There are 2 protein chains.
Amino acid sequence: MKLTEAKQQFISSWGAFGTHWGINRTMAQIHALLLVSADPMTQDDIMQDLTISRGNTNMNIRELINWGLVDRVIVTGERKEFFAAEKDIWKVVRQIVKERKKRELEPMLKLLDQLEEVEGDKRDKNIKSFVETVTGIKRLGKQADKTLDMMIRADENWFLGSLMKLFK
Amino acid sequence: MKLTEAKQQFISSWGAFGTHWGINRTMAQIHALLLVSADPMTQDDIMQDLTISRGNTNMNIRELINWGLVDRVIVTGERKEFFAAEKDIWKVVRQIVKERKKRELEPMLKLLDQLEEVEGDKRDKNIKSFVETVTGIKRLGKQADKTLDMMIRADENWFLGSLMKLFK
DNA sequence: TAAATGTTTCAAAAAGTTTTGAAAATTCAA
DNA sequence: TTGAATTTTCAAAACTTTTTGAAACATTTA
């Protein structure tokens, strides 16, 4: 397979993959493009490569920067802004985990805390069933929260090393 | 907070939560409703509780059954089919991980294997950058694949216990 | 067997999301 | 300053996904 074709394939699959994870196709494609390109690219480069509009490009680059997956790069002697993806894939994963934990897991845990304190007789079958489910989810959620925290703080080798020992 | 209100809240948040994870709102809401209800419910119960159409209800119940998150329950003396959610939340998580791994992670790893074998001079900056990125992703992906396999096979206590030891 | 009850399908409508592109805003060099 | 280059915004259009509901299908009961 030729490089150009391989890049195309990677970009298109990464885009499809992203849509399963709540990331829109274009955002994932721009990320993919920057991941496999040797040098930083301008907005116009990206537009042309992916044949998407200026607005769409701009919007999604900004979103990628928000997620901490892409950085603005200043190239001396150039007026235009350049963009580059974080290439250390382990950092990328940690970054995504960190953001999603904050945006999704933490609010859910806060809600579960409230719901656990539903009024009424705990012997009532309906209340019992509700509280048990909520407590179960909360327990697992809190555990996941802690585990992810460790993972975010951890260094790649430490993490891989520990898992290898644990799961061998 | 009253039980009815608490249930409402739970169902609506679980629905919103689900949409971040590639599960549609209704599917997540039906799942939530069944999770917190003490007894199995019929399609008509669910329709009425969530005020959604018959077709929508049917479609999403079937999808939940496909995912292994909901079971048909036979109630003796009743003509209608009843449905109940798997209440062991740890089983639910394992089930979801298993499905998504199969549908998403595994095909991606297969593709990366192919892409790694791009033609051309490995000293070329562009090829080098591409191969390095792909290799990096593959390495992490393979590791994740293994780890998830262990997790799917593992028993709750074993998993929590090991993690507790590891991450304390 | 026919009627009644229950389940599934699917085309069309509604709702939700993403993309476009032109105009506005900003930045920078002269 | 001015104006050319660049970036950002946002309303409308295109596209995608979800939902509806009526009709078809299936199963049970009498």
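This is a predicted model, so every value here is computed, not measured. Proteins come first, then strands; the chains are lettered A, B, ... in the order of their sequence lines, and each starts at number 1.
- Taking Lys125(A) as the reference, Ala38(B), Asp39(B) meet the side chain to side chain contact (heavy atoms under 4.5 Å, CB included) condition, with sequence neighbours excluded.
- Taking Arg54(A) as the reference, Asp44(A) meet the side chain to side chain donor-acceptor pair (under 3.5 Å) condition, with sequence neighbours excluded.
- Within residues 65-74 of chain B, the residues having any heavy atom closer than 4.0 Å to DNA chain C are, in order of number, Arg72(B).
- Side-chain contact between Leu115(B) and Phe130(B) is present, with heavy atoms from C-beta onward closer than 4.5 Å.
- Each end of the helix from dT1(C)-dA30(D) to dA30(C)-dT1(D) gets its own rotation axis from five pairs of C1' atoms, and the angle between them is 10° to the nearest 10 degrees.
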Tabulate atom names and distances for all N/O pairs under 3.5 angstrom spanning the protein and nucleotides 17-21 of chain D.
from	atom 1	to	atom 2	distance (Å)
dT19(D)	OP1	Thr26(B)	OG1	2.7
dT19(D)	OP2	Thr26(B)	OG1	2.8
dT19(D)	OP2	Asn56(B)	OD1	3.4
dT19(D)	O5'	Asn56(B)	ND2	3.4
dT20(D)	OP2	Ser53(B)	N	2.8
dT20(D)	OP2	Ser53(B)	OG	3.1
dT20(D)	OP2	Asn56(B)	ND2	3.2

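- Taking atom CG on Leu64(A) and atom C1' on dT8(D), their separation rounds to 16 Å, with Å as the unit.
- The side chain to side chain donor-acceptor pair (under 3.5 Å) check on Ser37(A) picks up nothing, with sequence neighbours excluded.
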Review item, nucleotides 26-30 of chain C N/O atoms under 3.5 Å of protein N/O:
from	atom 1	to	atom 2	distance (Å)
dT27(C)	O2	Arg79(A)	NH2	2.8
dC28(C)	O4'	Arg79(A)	NH2	3.4

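- The one candidate from Thr26(A), Ile30(A), Asn56(A), Asn60(A) that meets the side-chain contact (heavy atoms from CB on, under 4.5 Å) condition with Ile46(A) is Ile30(A).
- Heavy atoms of other residues, nucleotides or ligands lying less than 6.0 angstrom from NZ of Lys142(B) number more than 12.
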Exercise answer: donor-acceptor pairs, residues 61-75 of chain B side-chain atoms, under 3.5 Å, sequence neighbours excluded:
from	atom 1	to	atom 2	distance (Å)
Arg62(B)	NE	Asn58(B)	OD1	3.4
Arg72(B)	NH1	Glu81(B)	OE1	3.1
Arg72(B)	NH1	Glu81(B)	OE2	3.2

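- For Glu63(B) and dT9(C), the CD to C1' distance is 15 Å, given to the nearest whole Å.
- Judged as a salt bridge (charged side-chain N to carboxylate O under 4.0 Å, His left out), and not counting sequence neighbours, the contacts of Lys138(A) are Asp113(A), Glu116(A).
- Between Gln29(B) and Ile52(B) the shortest side-chain heavy-atom distance does not fall below 4.5 Å.
- Partners of Phe10(A) according to the ring pair (Phe, Tyr, Trp, His ring centres under 6.0 Å) rule, which considers only residues two or more places apart in sequence or in another chain, are Trp14(A).
- Heavy-atom neighbours of Met59(B) CE from other residues, nucleotides or ligands within 6.0 Å: at or below the threshold of 12.
- Straight-line distance from the NE2 atom of His20(B) to the C1' atom of dT17(C): 13 Å, rounded to whole Å.
- Counting any heavy atom pair closer than 4.0 Å across all strands shown, Gln43(B) reaches a base atom.
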Please list, one pair per line, the donor and acceptor atoms closer than 3.5 Å that link side chains of residues 102-109 of chain A to other protein atoms, with sequence neighbours excluded.
from	atom 1	to	atom 2	distance (Å)
Arg103(A)	NE	Glu99(A)	OE1	3.0
Arg103(A)	NH2	Glu99(A)	OE1	3.0
Glu104(A)	OE1	Arg100(A)	NH2	3.3
Glu104(A)	OE1	Trp21(B)	NE1	3.0
Glu104(A)	OE2	Arg100(A)	NE	3.2
Glu104(A)	OE2	Arg100(A)	NH2	3.4
Glu106(A)	OE2	Lys101(A)	NZ	2.7

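- Residue Phe82(A) contributes atom CZ, which lies 12 Å from atom C1' of dT6(D) at whole-angstrom precision.
- Atom-to-atom, CD of Glu78(A) to P of dA5(D) comes out at 14 Å; the value is rounded to the nearest Å.
- To the nearest angstrom, P of dT8(C) lies 12 Å from CG of Asp44(B).
- The distance between atom CD of Glu81(B) and atom P of dA26(D), rounded to the nearest whole Å, is 14 Å.
- A heavy-atom distance below 4.5 Å is found between the side chains of Asp49(B) and Met41(B).
- With sequence neighbours left out, the side chain to side chain donor-acceptor pair (under 3.5 Å) criterion links Lys122(B) to no other residue.
- The shortest distance between the side-chain N/O atoms of Asn58(B) and the OP1/OP2 oxygens of dT8(C) is below 4.0 Å.
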